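Read the structure below first, then the notes.
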Amino acid sequence: MHIICTVTNDLIYDQRMQRICTSLATHGYTVELVGRQLPASVPLISQPFGQKRLHCWFQQGFAFYAEYNLRLFTYLLFARYDAVCSIDLDTLAAGCLATLLRRKKRVFDAHEYFTEVPEVVHRRSVRAFWNLVARACLPFYKYAYTVGPGLAEKMGAQYKLEFAVVRNTPASPSLPVKGKSEEVVLYQGALNTGRGLEAAIAAMQLIDNVELWLVGEGDLSAELRRLAVELGVQDKVHFLGFVPPDDLKMRTAQAWVGLNLLENRGLSYYYSLANKFFDYVQAEVPTVTMNFPEYRALNAQYEVAILLDELSPATMADAIRRLREEEGLYARLQNNCMQARKVWNWAEDEKVLLEVWRKVALEL
């Protein structure tokens, strides 16, 4: 079976899709991942699956989404495939219409609860538009999966569609890189609104002998750099920019504590299950994260994190001090990471992914 997966990013840093496409390719499927060419895109890295970038004149806003879906629809009208997997609502319209016209199979992969992300949830007209896309397209879908059980339940109820759960767990465990630095607190991911990054930077004023590494870029990149200067912590906050996945693993394994901080700005964040949480566990790095349902449930299985009921510079600073000062706490969390990473890894979630696509293949 020939599968085309569609995203709106430029492919190079999308670890989830690289994992998914690699798994499908190594199990006998022909896979192509389609994204877009950005002005600052670096050359693609060779992968066991095909890759294609579509060029767009517009780079953001409604004009971009309209242009990208038009270009993607045109591509899918003539490309060779048996099924299209549309990732999130922003590629759904093109995938749905093209597969209906060509009588091909279709699958929906929701990386987030799109209408409940902070950039959408409080913008009435934008949210209404994406809800319209979902209501128009998802009744034509039989197979879907998402990143966590909470989101599967919520979206399943709204869209009347059963969602399997394929978590953002990393590939099979590898030996951690030694030489962790007790000074390094790490955040990896997009520098976007609602990620608790302002509080993380402000917390550096309250803790001595700590560095904050921010790996990634986003809408708040320039604003956060200004904030670090304004608060006088620019020497303690290091912006590392985009880092390729293999280098990111090295950075993560060197960290002492990982941050996974989301503000409760919508159901997508509240029921999130971020890949960074599992990346920290794989690297045996205890985490400071929010006391949201998914993380609370995982922490009940293996205590690997300090859960925050409230997000503020003070609560973050207190959590880091606890890890330093509370006897045996850090060692206990790190030891639990060693146990959890044997279970929370891609070898387990891959089974769910392959079962979904096995069912699709049987219908060809």
Side-chain angles (χ1 to χ4, degrees), residues 112-113 116-119 121-122 147-154 167-168 182 184-208 210 212-214 220 224 227 231 233 236-237 255-281 283-337 339-340 344:
E112 56 192 354
Y113 199 167
E116 291 288 333
V117 299
E119 296 86 351
V121 67
H122 298 301
V147 298
L151 289 182
E153 180 181 350
K154 294 295 180 181
R167 300 176 302 180
N168 278 322
E182 192 170 328
V184 175
V185 175
L186 174 73
Y187 169 86
Q188 62 181 65
L191 306 187
N192 289 341
T193 185
R195 307 295 179 97
L197 299 172
E198 298 89 345
I201 291 173
M204 295 300 103
Q205 296 178 296
L206 308 176
I207 319 168
D208 295 326
V210 165
L212 175 62
W213 291 1
L214 300 176
L220 298 183
L224 294 174
L227 178 62
L231 297 180
V233 294
K236 300 173 69 174
V237 181
W256 181 65
V257 176
L259 299 181
N260 179 38
L261 306 169
L262 292 173
E263 301 171 29
N264 187 3
R265 294 193 178 189
L267 295 179
S268 186
Y269 276 13
Y270 187 65
Y271 288 101
S272 71
L273 200 46
N275 62 311
K276 66 174 66 68
F277 178 85
F278 296 110
D279 289 342
Y280 297 148
V281 171
E284 298 179 6
V285 177
T287 306
V288 176
T289 191
M290 301 308 298
N291 191 12
F292 290 169
E294 303 291 12
Y295 303 115
R296 186 162 60 245
L298 289 173
N299 217 45
Q301 296 178 33
Y302 296 96
E303 186 190 10
V304 297
I306 290 183
L307 302 179
L308 299 183
D309 294 318
E310 176 188 351
L311 177 59
S312 70
T315 58
M316 287 183 54
D318 288 343
I320 293 171
R321 289 194 197 97
R322 281 188 60 200
L323 289 168
R324 275 184 166 176
E325 300 170 3
E326 191 171 316
E327 185 176 357
L329 175 59
Y330 187 89
R332 184 173 77 246
L333 298 187
Q334 188 175 47
N335 182 69
N336 289 336
C337 287
Q339 304 305 315
W344 301 342

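None of the values given here were measured: they were computed from a predicted structure. The chain is numbered in sequence order, starting from 1.
Looking at heavy atoms from C-beta onward, Ile207 lies out of side-chain contact with Val185 at the 4.5 angstrom threshold. In this structure the side chain of Tyr187 reaches within 4.5 angstrom of the side chain of Arg195, judged on heavy atoms. Looking at Phe292 and Asn264, their side chains come closer than 4.5 Å, going by heavy atoms from C-beta outward. A heavy-atom distance below 4.5 Å is found between the side chains of Ile306 and Leu329. Side-chain contact between Asp279 and Gln188 is present, with heavy atoms from C-beta onward closer than 4.5 Å. Side-chain contact check for Tyr280 versus Val257: every heavy-atom pair is 4.5 Å or farther apart. Residues Ser272 and Leu262 form a side-chain contact, since some pair of their non-hydrogen atoms from C-beta on lies under 4.5 Å apart. Residues Val281 and Val304 have side chains in contact (heavy-atom distance under 4.5 Å, counting atoms from C-beta outward).
The one candidate from Val233, Leu259, Leu186 that meets the side chain to side chain contact (heavy atoms under 4.5 Å, CB included) condition with Leu212 is Leu259.
When all heavy atoms are compared, the tightest approach of Phe278 to Asn168 is CD1-O, 3.6 Å. Between Val288 and Leu261, the closest heavy-atom pair is O-CD2, 3.7 Å. Residue Ala203 comes nearest to Met316 through the heavy atom pair CB-CB, 4.1 Å, listed as atom of the first residue, atom of the second, then distance. The shortest heavy-atom contact between Met204 and Val210 is SD-CG1, 3.7 Å. Nearest approach of Ala319 to Leu308, heavy atoms of both residues: CB-CD2, 4.0 Å.
In this structure, Leu273 CG and Glu112 CD are separated by 13.5 Å, a value rounded to the nearest 0.5 Å.
Residue pairs that meet the ring pair (Phe, Tyr, Trp, His ring centres under 6.0 Å) test with at least one member in residues 298-329, sequence neighbours left out, are Tyr302-Trp344.
Not a single side chain to side chain donor-acceptor pair (under 3.5 Å) links Glu294 to another residue, sequence neighbours left out. For the side chain to side chain contact (heavy atoms under 4.5 Å, CB included) test, residues two or more places apart in sequence or in another chain that qualify with Glu116 are Tyr113, Val121, Arg127, Leu267, Ser268.
Using modelled atom types, one side-chain atom of Thr289 and one backbone atom of Asn260 make a donor-acceptor pair closer than 3.5 Å. Of the possible donor and acceptor atoms, none in the side chain of Asn192 sits under 3.5 Å from a partner among the backbone N and O of Leu220.
Using a cut-off of 4.0 Å between Lys/Arg side-chain N and Asp/Glu carboxylate O, Arg321 and Glu325 are scored as not salt-bridged.
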